[in-house]
Structures are given as C-alpha cells and as structure tokens.
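Working notes, structure below.
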Amino acid sequence: MHDRILVFESLRSSMSSDRRKPYPFDQIEPKWQAIWDERQLFHAPNPGEKGEGYTATDIVARYKRMRGFNVLHPMGWDAFGLPAEQYAIKSGQHPAVTTRENVAKFKRQLKRIGFSYDWQREINTTDPRYYKWTQWIFLQIYNSWFNPQTKQAEPISTYGGTDPDSVRLAYVADVPVNWCPELGTVLANEEVVDGKSEVGGFPVVRRPMRQWMLRITAYAERLLDELEKLDWPEGIKLLQRNWIGRSEGAEIDFKIDKGDHEICVFTTRPDTLYGGTFLVLAPEHSLVDLIVAEEQWPAIREYRERTARKSEFERADLSKGKTGVFTGAYAINPANNERIPIWIADYVLVGYGTGAIGGVPAHDERDLEFAKKFDLPIVVVVQPADDKPAIGFTGEGIAVNSPIIDGLTSVEAKKQITAWLEERGLGKRAINYKLRDWLFSRQRYWGEPFPIIWENGKHHSLGENELPIVPPPLDDYKPTGTGEPPLAKAKEWVRYSNKAVRETNTMPQWAGSCWYYLRFCDPHNDQRFVGKEAERYWMSGPKPGSVDLYVGGTEHAVLHLLYARFWHKVLFDLGYVSKPEPFQRLVNQGIILGEDNQKMSKSRGNIVNPDDVIDQHGADAFRCYEMFMGPLEQMKPWSMRGVEGVARFLARVWRLLMTENQAGAWELSGKVKNVEPDKAQQKMLHATIKKVTQDIESFSFNTAISQMMIFVNAFTNVDTIPVSAMRSFLGLLNPFSPHIASELWEKLNAKFSDAPGDITEQRWPIYDERLLVEDEIEIVIQINGKLRDRMKMPMLATEEELESAALSNPKIQDRIAGKTVRKVIVVPKKLINIVV
RNA sequence: GCCGAUGUGGCGGAAUGGUAGACGCAACGGACUUAAAAUCCGUUGGGCCGUAACAGGCCCGUGCCGGUUCGAGUCCGGCCAUCGGCACCA
C-alpha cells in the first residue's frame, strides 16, 4: 500500500549472467512461489496477529505464523490521486489503464520477492466495490456533527440548532486555498512544501474558492490526548503534536473607543496585558470594514489588495520585514483603560486564534519589530530574573508596571489576570490549535466523486442505495485549468434531475487510504464497509489501537496517519468500529539511499532495481540483505558488494547441506546424519535460537542475521552435521529466506523422516536456557578500570575466590607491587577491578 | 530561529554503565588450480618499543570540551557537524 517503504522502479532491463550460480536460487525460488500461490498458503481465516508492510512485516508474519498465530498480512493498492493521474497524463494513457498495468507489474514484483501476502484479501481503492464504501464513510461524516458536550461525533439529527449545515463534519466554505495552476487543483496545507506542490514541485498561489472541508479541528484535543497510549516512536508523536499545535492562554475583548464593536484577541501571555500598546488585525479580518476611519480607507484598501496577491510563501518570508497600515481607529486596553491604536498587518494570520492580536512589543519579538518600524510605544511589564535586558525578553519573569499583578511570577500572573478578566466579563481562558480544517475536494478526474447533489444552491447527500457514484467515462480527463473540475465536462452525468446537479469535485488521494486497514478484515463484504464480526474478530484487544503492527516511513507522520486517525474516530463515535485508534504499534522504516549515499532518483541514475538484484543473487539474498544493512528505522545506503556478502552466506548454507556429485548435480551431503549434536554444537544452536527469536521480537533483524552467520561458520568444515540442528536452523532462517529454507527442508525430508511436512507447517524452534550455561567463564581483570589480564574461572566461583585469584595473578602482582590496594570491585561472571 | 534524531575502523554496522569494533564488505597473505574464478584457512583501529624473524610489551582511540563513577561509546552539562520537521501560530 502506498510507497511506505522503498519503491523501486524498473529502469534497466535485466542483465543476463552466464556466471554459474553459487546455488540454484533461480530454480528453487519460482518453484516455491508457485507452490505458495497454488495452495493459498497464507490465508488467514481466524483471529490472531495482523500486520502490513514489506520485507520486515513479511519476516514478522512468517515468524508469527510459526509461533502459532493466524496472521492477517494483506496487500492492496492505493491508486487514486495525483501521482497516479500525473503518471497517466505523462504517458498519454487513461489512468484506469496505467493503474491496472502498474498494479500488475508491482504485484508480480512482490510475488517474486516471495512475500507471503494473503492475496485473497487484495483490495484496490479505485475499484467501485471499494470506493462505494469510501463514499459511504463520507456520508457518515457529512451526516454528523461534533457535539462539544459529549466531545464526540453524533448524527446530525441530534443537533438542536437552526442551521445544521453550519456544524456538519463535512461542509462547504469559501476559503483561501492553495491553488496550483500547473496541477489544475487545490491542495491541502499538508501537500504544500515551501510554497510548492509536494507532487511535482509546482508553484502554489492563494486564491479564495468554494471547497469541501472536513472539520478535523473538532477532534484536535482528542487527536492530541489519545496519541498518548499508542506504541509509536516518540518522534512521530511529537511531529503530530507540533502539527496540532495546542497552546493555552486567554481570549481578551478590547472595546473600540467609538461604536459598540469589540475586538477579541488570543494570547498565551495574558500576564503582559499592561504592556499592550496597540492591536493588530489580520488584513482579512471582518471587523476591518467596520472600524476603519474615513481618511485611512485608501491606504487600507491598497494594503489589503497587496496582501491578497501575495502567496502564503511570500507572506511568510521573514527577511522582508514587517508591513502594516494604521486603521485610524482606537481600542481601550481593558487593564489600564489606555487608548491604543488599531493596525492591520499581514504578520497576523486570519486563520489562527481570533485573527487579531494585542501588540506587546516589550515581550514579543514580532511586535517589537513592528513597534520599532512604526514608532509605537514600548512598555516593559515583565522583569527577567537575571540581568538580561527587559525589552525583547520573551521568557518568564516577574510582573511589573501591572498594578493588579505586580510582583507575581509569570505563571501566577497569568492565572490572576485571567480570573480578573473573567470576573468582569472581559475575557476568558482559551485553548487554540494550529491545526486547520482539512481541505477535502480536488479539481481532478482520478478520485472518488462526492455522493452529493446541488439544488437551489444547497447541497444534499445522495442515499446509500445510490452508491457507488461512478465517475463518467471521460476521454479528456485532464484538468481544465480554470478551477472547474474535469467532471463538469460530462454534462449528462452532471445533470442529476431537472432541478439538481451533481457535485463535480473529487476526493483527495488520502480518502481511500484512510480506512483500507478496516477493509482488509472483510474485503468482499457488499453489505457493510467491514462486517461487525470481522472487525471485532481482528481488531479488538486491551489496547486502544486496532492494527497490531504498521510499518511505514516518517513521510506520513502528519498526513495519512493523522487523517486515518480522524476518520477512525468518527467511525468509532458513530459505533461502527470497536476501538478509538487505527494503529496501535507503528514502526518507522528508514529510506534506502543509492550506492552514492544520495536519495535514489532517476536523474541521479542511482536507482536499484530489485529485479536486477534478484536476477543476479536471488530473492532470498535480496530480502536478507535489506534486513542485514542496519537497523530498520535508519537511513542507509545500498551496496551491491553487501548483497554479494549475504548471497555468499546463503550459498554457504546451501553447501552446508548439499554437495555436487560427479555429474554436477546437487545432492544431500553425506555429512548430514541423524546423530545428536555435541555439547558445543548444542550450545551454539540454542544461543542462536535465543538471539534470533529475541531479535525478531525487537525488530533487530540485522543482528539476527549476524548470529545465523556465526552459526553457519561454526558448522563449516565439521565432519558430521546433526540433522536436528539443521532442522532448527532452517526454521530460524525461514522468515528471512523462505525459498532456500523450504528447499533444504524438503531435501532433508527426502532422506530423514524425523519431521514431516513443509517448513511453513513447522513450529518455531524453542531454546533451552540450561544448554547455554557455561562451566568455565573468562573473567577480565582491570587495574583502575584498565584491562590488564583475563583468566578462566569456574562459573560458580564466589566473589572471594575471584578476588584472591585476581590478586595472585602474576601479571597483576607485578603491577601492584609496592602499591596499596584501595578497593577491589568484583562483578560476578564478568570482571574484577582493582583500584590502587 | 525553535523542536527532534544521529555522530564508533577504509565502508555498512555490533556492544543490560563492565574485554570497544561482533557479523559482513573491502584489502592483504596462504591453500587448492597449468592459470584464473569460485571455495577454504589466516591477518587487518592507530602509534610506539622489542626481535634476525617470531614471541612479547606499552600508549592512544567511539565528533569536540568538561563532569559523575572503581569503571563512560553508553549517564549529566556545554559546544560542533549532518539529517529531518516546524517556521511571523501571538
């Protein structure tokens, strides 16, 4: 699903190699892939573990199956959206065609790597049988509102107000949006990076348009709080927290000296109220029209026009300095009743807080810059604890020049003045979030149409019985460039009835991927988006999250992962799913760089094609190398030499059990015998079982492979190879390199009858801690923390024995001769440190 | 600017506060071979002393500076560098 790991691209045709293969992976890999396919071996009919991802998840899936779990390990295609459509436009074909081809290509590649997906559960977000339910979920969102009392979504029928359209979780608004002329569509804030589109890197401009929005901001508090109990990397949680951006403070009302208008400002520092020497409104603030003094109108109008033309990117450019215009109006500071000027300036954003701020130049960098530029008064009201200059001090200190809170710490002063304001009805405690509502419509062809019609300028939902709403076939599906969606070109389709027309926007790329993990539980259900039973079956347990393991890159931290949480919570509130969160455990997979340590890209020509790697070294080597490279979550460069090393390891495994006969055919080695492993072999085997088991559990796949290499090295060049040890070892190897493990297992079965059946039917090996115990152990002797000698000691030696043995050691005696031993530290089974 | 992650040999990387460099790559030497490839065996952090050559010995070493500790790659404080996120959010 998605490009959650590394997406390889086929560029070069496969290279043929006449070089003799070190072992016949080119024969055994297709053989076992066909067997797994035919027997539908990885079908998951019962509850248990579930996961999603690529090599790492395949290892976990195969491992968990061997531990007796039923594993849901599915794969699907998130094929709507900009990338798919851009690709289609470039190749001059219909996106339906390119999507089909790409899915086939990618699926073939996945099978070739030997992934054990349950293909019975394959889904495709562009399939009407799938997006019918995407549209259905949209209807649930549209027909709900967020009840602030219960803090959850409820059916719109429970809303008591007069205008339900104003509280729906899906609503239409005229908002300044990110319009990308090149792509011919609007984009969500999250899809705009440095003033350019994330897809394609085209310029984005601000432009007001009528758009569908989803009220994700209603969930800001829950999205933040409920992050707590998830097993996600702290870094990702932090990214989401920052994106949601909660800040605590107060809303304060300023009266305007003429007329009855009031301006409400949000501040996190109500304790600096006495230092407020001016107000600033965002240029777009609706009150501007009502308060501007006659003589200031021309300047204000000019400034507002100039601001409107600026892109978000230009506006955010700090290097250009502050701009602004005086409105000619004054407000009254409620703390000291001083008359302060009201300005407009584009450093105040209309979308955050109340779109207005109280300027406290002494204790806010931006206000200070503004005040200096326009010569506004600066009043110190916070005294820093140390000798720092008070002007420009933005930290916490002691309130001064503020009669009702003088002498209080900033923390106390905030409480005090907020209470004071509340008593007088001049303000109240308030919490603000940076998170904005989700811009949900796109002017594109390749997406889910909205199940919405328009009549007399009002929107209505279509009935569930009319789903799916299938887009009309369009030969020219390219964006119109005017902002009118391509679907508008299909006049027949648009005309719903004599009175009503269809909504022609489509949903964004993220819609389908917001809930696919639910569909995997019950992919063929045509009565419900997921069967009640199936959902409970797979997604219930003690923790708040649904999916047990989700492997993906950091790039989805604030997009996919936030959107999916939002949708899931709506479905949870409405009683459709049993848990409040979609993903319990999230593991980040780092990106793989090219051999030049650069991000893989066509232009750099450093793309690694798995088909080439598999042609040369086999799928098992490919899988194993990916895992051997380093820690899963780390960014790391690809190395062809490294692949060779891992391929050599697999060839050694092969030759451990197989020899070439006179005719050049591989046959089971005569060294493999039905004998008991000796003590050292036993210890090696059980140490390996222990390490590999623990390392898989902790996602340390690289060290698991190291241990298997150590095991194989230990068995190289021995005369007799106990078959039982090899059985266990193949079990450990199986999740990593299932083809060679299956084949060698089968070869053993041809001669030995100790363990019938395929390796996939085997239980994971169990280690015996007793076999790991050493009789003798090497003890390190240090003097002042420096290594001086080692000695063999019995495992059970007492501390006294260890100490006297160390002190009587000749080398140590030489060194401590003539010195006083101050202290001896004995760490049993480890070391002795003599302090002189 | 703010927040976060990372920093260990020629390279990818190992190390519950207790033998730094496991395992792999590369390099070098040897065995096998007419030869090469493949394979197998061995050496491989740096510096110095020592020896005919071995043997052996010493010192330094985990980005930099300090601290805690009997003992620090690991913990604490301060810096530097790289990467990622946010960026006039009041």
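So that the names make sense, note that chain A is the first sequence line, chain B the second, and so on, each numbered from 1. On a predicted model such as this, the values are computed, not experimentally measured, just so you know.
- When the P atom is used for both B:rA90 and B:rC11, the distance is 44 Å, rounded to whole Å.
- Phosphate contact (OP1/OP2 of B:rA90, side-chain N/O of A:N432, threshold under 4.0 Å): absent.
- Heavy atoms of A:R315 sit under 4.0 angstrom from at least one base atom.
- Within the nucleic acid shown, A:V780 comes within 4.0 Å of at least one base atom, counting heavy atoms only.
- Using a 4.0 Å heavy-atom cutoff across all strands shown, A:L831 reaches at least one base atom of the nucleic acid.
- Contacts of A:L239 with the nucleic acid, taken as non-hydrogen atoms under 4.0 Å apart, involve only primed sugar atoms and P, OP1 or OP2.
- Phosphate proximity of B:rA26 to A:R648: present, with a side-chain N or O under 4.0 Å from OP1 or OP2.
- For B:rG4, neither phosphate oxygen OP1 nor OP2 lies less than 4.0 angstrom from any side-chain nitrogen or oxygen of A:N242.
- The residue A:K322 sits close to a base: some heavy atom pair falls under 4.0 Å.
- The listed nucleotides are B:rG12, B:rG18, B:rA90; the one nearest the side chain of A:F266 is B:rA90.
- Ring pair A:W638/A:Y625: centre-to-centre distance below 6.0 Å.
- Nucleic acid contact class of A:K636 (heavy atoms, under 4.0 Å, all strands): sugar-phosphate only.
- Rounded to an integer number of Å, the gap from CZ of A:F649 to P of B:rG13 is 20 Å.
- Checked by atom type, the side-chain pair A:T693/A:Y767 shows no donor-acceptor distance below 3.5 Å.
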Handout entry: Dot-bracket notation for RNA chain B, counting Watson-Crick and G-U pairs under 3.5 Å, with | for partners on another strand
Key = (((((((..(((.....[....))).(((((.......))))).(((((......)))))..(((((..]....))))))))))))....
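- Place A:Q707 and A:Q634 on RNA chain B by their nearest nucleotides, and A:Q634 ends up nearer the 5' end.
- Contact between the side-chain N/O atoms of A:K691 and the OP1/OP2 oxygens of B:rA14 is not found at any separation under 4.0 Å.
- Between A:F278 and A:F370, the two ring planes are tilted [angle within 30° to 60°].
- Of the P atoms belonging to B:rU16 and B:rC86, the separation is 34 Å, rounded to the nearest Å.
- Nucleotides B:rU8 and B:rA22 place their C1' atoms 13 Å apart, quoted to the nearest Å.
- No engagement by A:S639 is indicated, since no non-hydrogen atom pair under 4.0 Å with the nucleic acid exists.
- Contact check, A:Q782 against B:rC70: no side-chain N or O comes under 4.0 Å of OP1 or OP2.
- Residue A:T554 is out of contact with every strand shown, counting any heavy-atom pair closer than 4.0 Å.
- Residue A:V348 is in base contact, counting any heavy-atom pair closer than 4.0 Å across all strands shown.
- Applying the 4.0 Å criterion to OP1 and OP2 of B:rA90, one finds that A:S247 has a side-chain N or O inside that range.
- Using a 4.0 Å heavy-atom cutoff across all strands shown, A:F628 reaches at least one base atom of the nucleic acid.
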